Number of protein chains: 2
Amino acid sequence: MPHRTHLTGEDVARKALEMIDELGLDGLSMRKLAAALGVAPMTIYSYFTDRDALLDGVAQLLYGEIEAPSGSQGGPRDTLIRIMMSVRGMLLRHPNAITLIASRPPRTLDALAFVEAGCRALRREGISARDTARAYRALAAYSLGTAMTEAGRYFTEHPATQLAAGPLSERTITRHLPNVAEIGPYLDQLDDAAEFEYGLDLTLDRFMTQPEASLDGP
Amino acid sequence: MPHRTHLTGEDVARKALEMIDELGLDGLSMRKLAAALGVAPMTIYSYFTDRDALLDGVAQLLYGEIEAPSGSQGGPRDTLIRIMMSVRGMLLRHPNAITLIASRPPRTLDALAFVEAGCRALRREGISARDTARAYRALAAYSLGTAMTEAGRYFTEHPATQLAAGPLSERTITRHLPNVAEIGPYLDQLDDAAEFEYGLDLTLDRFMTQPEASLDGP
DNA sequence: ACCTGAACACCGTTCAAGT
DNA sequence: ACCTGAACACCGTTCAAGT
């Protein structure tokens, strides 16, 4: 039988991503991945030293999906909004891979392209390197947390949202958690994308309209 | 041999949390957990239907660790800051359990106590139920994302921080990612707790000093 | 020298056999 | 009726045997 055409590490990672999207992180196994690629299980180890390295490869692939606009069209602010919306979009397209992203920062040139684009936009606004680092951290945390809670159905499956479903009776909730009960109807009725963009806007305001903002005293 | 004193589901979940803290999420197995408790592996299934249910129990336990101040001392704003700092503290104490939290909202009375305390503080400031829901979502996303990136060493192991270590040479980074290279020195020098509190402050400002802020047009 | 099948040391969970 | 040991169908990874 003829040998398979040579696979690249990226081919392997891409198939792994497909399986994660379809079967969940636990649904991906080295053996099933090998079978899907038509190779012996051990062959995968010639591309990645172990399962952990494979998962890192998948994460880098995902970062590569994020838009990295050159910034030639539209102002720096629009560029940043587009990047962060694209981060959220990528995570929502791959909800099963979110925990992968959470523990693996971008490492490759491709994976870092969106970070470079974002930092460049901030610097072009006259923001200092230090404040650019601060803004990058704040934006990354907010975008990651937003996508995580959305993909994890954190609010749509909230006990306050589905009073009937959970382990607590509606009576118990309204009695012991009156304020939680009160917000329930709103929790899953908000427009996710609009809320996210509103938060981004205000986060950008903090660095763009008052870049001299300091943590140190008055 | 005498039977073990009766275990409760909480005992089982608490031991599981211990093992997760020590060995990581993958290091916890039903069999090792049973051995640590001195029972047969199948006994655990009389407390939790499967591994997933056990992990949910661990998550609820973790939510219970978050402070839920009554608010009798200090203003609503201080109360909220204390709660969110406590959320971050809990997650940083249990970095191996963060992915558990990300996909499992609080469900039990104990686990929801901090949410109730937070919502009550917001409502006492005269913020509407709808805006309280918005603030809760924003604060949860920001706190979760912050703890996740910190515990995942997202910035301290950033290629821009450790120019030598990663797969990219320092030369490659400074040439192709000049703006990323520039922020590197700052990324891991920032004061994590101070940055978080600063972000919380501004998020609270958005809802407290202008509670009428709306997503709808002008 | 390279590749890989079989083997090893684990898993979560089912199920039937024991008390 | 309850509990659980053995069994089943998987794992990731090692390693030696094959080409």
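Keep in mind that what you see is a predicted model, and the values were worked out from it rather than measured. All chains are named by letter (A, B, ...) in the order of the sequence lines, taking the proteins before the strands, and each is independently numbered beginning at 1.
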I need the [atom1]-[atom2] distance between [X] and [N], as an integer number of Å.
X       : N      : atom1 : atom2 : answer
B/Phe48 : C/dG12 : CZ    : C1'   : 16 Å
B/Leu33 : C/dC11 : CG    : C1'   : 14 Å
B/Ile44 : C/dG12 : CD1   : P     : 9 Å
A/Met42 : D/dT14 : CE    : C1'   : 9 Å
A/Tyr45 : D/dC15 : OH    : P     : 13 Å
B/Arg51 : C/dC11 : CZ    : P     : 10 Å
B/Asp26 : C/dG12 : CG    : C1'   : 14 Å
B/Leu25 : C/dC11 : CG    : P     : 14 Å

Given [options], the nucleotide with the shortest approach to the side chain of [X]:
X       : options                : value
A/Met30 : C/dG12, C/dC11, D/dG12 : D/dG12
A/Arg31 : C/dC11, D/dC11, C/dG5  : D/dC11
A/Asp50 : C/dG5, C/dT13, D/dT13  : D/dT13

Looking for any heavy atom pair under 4.0 Å, which part of the strands does A/Leu54 touch: base, sugar-phosphate only, or nothing?
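Nothing, no heavy atom under 4.0 Å.
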Using a heavy-atom cut-off of under 4.0 Å over every strand shown, decide if A/Ser46 touches base, sugar-phosphate, or nothing.
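No contact at all - A/Ser46 keeps every heavy atom at 4.0 Å or more from the nucleic acid.
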Charged N-O contact under 4.0 Å between A/Asp131 and A/Arg206
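No.
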In plain terms, say whether A/Asp11 and A/Arg14 are close enough for a salt bridge, that is, a side-chain N and a carboxylate O under 4.0 Å apart.
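No.
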Is the ring pair A/Phe155/B/Tyr136 parallel, tilted or perpendicular, if the boundaries are 30 and 60 degrees?
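Plane angle over 60°, so perpendicular.
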What interatomic distance, in whole Å, is found between P of D/dC8 and the corresponding atom of C/dG18?
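About 16 Å, rounded to a whole number of Å.
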Can you tell me the base-pairing partner of C/dC11? Count Watson-Crick or G-U wobble geometry only, both distances below 3.5 Å, and say none if there is no partner.
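None - no nucleotide pairs with C/dC11, as no candidate has both distances under 3.5 Å.
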Just name whichever nucleotide pairs with D/dT4, Watson-Crick or G-U, keeping both distances under 3.5 Å, else none.
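WC or wobble partner is C/dA16.
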B/Glu65 and B/His94: side-chain donor and acceptor closer than 3.5 Å?
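Present: a donor and an acceptor within the cut-off.
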With no hydrogens and no angle check, just 3.5 Å: does a side-chain donor-acceptor pair link A/Ser169 and A/Thr172?
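Indeed, the side chains of A/Ser169 and A/Thr172 share at least one donor-acceptor pair under 3.5 Å.
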Has A/Lys32 got a side-chain N or O lying under 4.0 Å from the OP1 or OP2 atom of D/dC10?
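So the side chain of A/Lys32 is outside the cut-off, no N or O lying under 4.0 Å from OP1 or OP2 of D/dC10.
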